[in-house]
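Each ligand, and each atom within it, is numbered from 1 in the order the structure gives. Here the structure is a predicted model, which is why all the values come from computation and not from measurement.
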Amino acid sequence: MTSSADPARIPRHIAIVMDGNGRWAKLRHRPRTFGHNAGRKAVRDVVEGCLRQGVKVLTLFAFSSENWQRPQEEVGALMELFLRALDKEVDELHSNEVRLRFVGDLSAFDNGMRQRMTAAMARTAGNDALHLNVAMNYGGRWDIVQAARKAAESVARGELRAEEIDEALLGHWMSLADLPPLDLFIRTGGECRVSNFLLWQLAYAELHFTDTLWPDFDQACLRSAIEDYARRERRFGRTGEQVAQR
Ligand code: IPE
Ligand code: IPE
Ligand code: MG
């Protein structure tokens, strides 16, 4: 029996930086967008893997607030890919009882795209097998700023005193606050950095970096990341002895 078979060792919430599409395409002498398209299959596979293994929440970094700096052509191709995926994948996600949510500053997207995102979220809102969050125009610093702004507005309205703002209160305004805390962060593509993903939520997540390029990531890779996680001892500041006693 592998350690990941123990339900207590299955991460409830996994976040993934899906990196390496461009390099995957380059290895095949194809344009970068070919790699982005190939990444769709990996998304499907990982969603299926999460459903099978009983992971409750999957948060995918699809487009960062910094990715607008890429060549216009690539940004355009990515937006088209998102729209196509939205049109094609939502039926299946819905039939698998997946709840889809977009996180990030969605105001940057045009009306058509926003409407389709809203419709997909509304359609799947009652599902509970897996919560799939897709981070779009997301930045961890943006997330902290928008939470701080909400706190400031609440103070300005006289509903809250500044000294009442603590970690729990601010955390309540961060994206994904209503979901189980992040357990496992995975980054494909070999880079060992966070790239402004879930900064606040990462505080005590376990980190797993793999050289596998995103289009090659599959259920077996997910399983080995979960097995890696299952071997970790999460101490949250305590000693190993204290953890063993609990
Ligand atoms: C990740 O793959 C996809 C997005 C950022 C949208 P990359 O496009 O960053 O691939 P590499 O890192 O250049 O290989
Ligand atoms: C992070 O990947 C963003 C997504 C995967 C959406 P990048 O490829 O943009 O990150 P950097 O630029 O290498 O840090
Ligand atoms: Mg990259």
Those atoms of ligand 2 less than 4.0 Å from some heavy atom in Ala62: 6 (C)
Contact check, Arg193 vs ligand 2, heavy-atom distance below 4.0 Å: yes
Identity and separation of the nearest protein heavy atom to atom 2 (O) of ligand 2: Arg187 NH2, 3.7 Å
Donor + acceptor pair across side chains of Asp143, Tyr138 (<3.5 Å): yes
Charged tip of Arg28 within 45° of Trp24 ring normal and under 6.0 Å: yes
Residue, atom name and distance, where the atom is the protein heavy atom closest to atom 7 (P) of ligand 1: Asp19 OD1, 3.5 Å
Atom indices of ligand 2 within 4.0 angstrom of Phe63 heavy atoms, with elements: 6 (C)
Proximity flag Gly189 to ligand 1, non-hydrogen atoms under 4.0 Å: no
SB check Arg114 Asp110 (cutoff 4.0 Å): no
Heteroatom distance test (Gly22, ligand 1): nitrogen or oxygen, under 3.5 angstrom: yes
Donor-acceptor pair between Thr188 and Asp19 side chains, under 3.5 angstrom: no
Proximity winner for atom 9 (O) of ligand 1, if only heavy atoms of Arg70, His36, Arg32, Glu66 are counted: Arg70
Lys/Arg N to Asp/Glu carboxylate O, Glu48 vs Arg52, below 4.0 Å: yes
Any donor-acceptor N or O pair under 3.5 Å, side chains Trp142, Asn137: no
Check: Phe63 main-chain N/O paired with Asn67 side-chain donor or acceptor under 3.5 Å: no
Thr124 and Asn127: side chain donor to acceptor below 3.5 Å: no
Identity and distance of the protein heavy atom lying nearest atom 1 (C) of ligand 1: Met18 O, 3.0 Å
Atoms in ligand 2 flagged as close to Val17, the criterion being non-hydrogen separation under 4.0 Å: 1 (C), 5 (C)
Side-chain donor-acceptor contact under 3.5 Å, Tyr229 with Arg234: yes
Note: Arg161-Glu164 ion pair, threshold 4.0 Å (strictly below): yes
Region of Asn67 that comes within reach of ligand 1 [heavy atoms, distance under 4.0 Å]: side chain
Numbered atoms and elements of ligand 1 in range of Arg23, under 4.0 angstrom, heavy atoms: 11 (P), 12 (O), 14 (O)
Heavy atom of protein inside 4.0 Å of atom 14 (O) of ligand 2, strictly below: yes
Ligand 2 atoms in contact with Phe61 (distance to a heavy atom under 4.0 Å): 3 (C), 4 (C), 5 (C), 6 (C)
Residues Arg44 and Glu92 bridged, charged N to O under 4.0 Å: no
Option from Leu184, Val57, Leu58 for which side-chain contact (heavy atoms from CB on, under 4.5 Å) with His13 holds: Val57
Cationic N near anionic O, under 4.0 Å, Asp87 to Arg116: yes
Residue-atom pairs from the protein, N, O or S only, that lie under 2.8 Å from the Mg ion (ligand 3): Asp19 OD1
Per-atom contacts, ligand 2 versus Ser195 - under 4.0 Å to a heavy atom: 10 (O), 11 (P), 14 (O)
Contact partition for Lys26 relative to ligand 1, non-hydrogen atoms under 4.0 Å: neither
Check: Met136 and Met117 side chains under 4.5 Å, non-hydrogen atoms: yes
Any Met136 heavy atom less than 4.0 Å from ligand 2: no
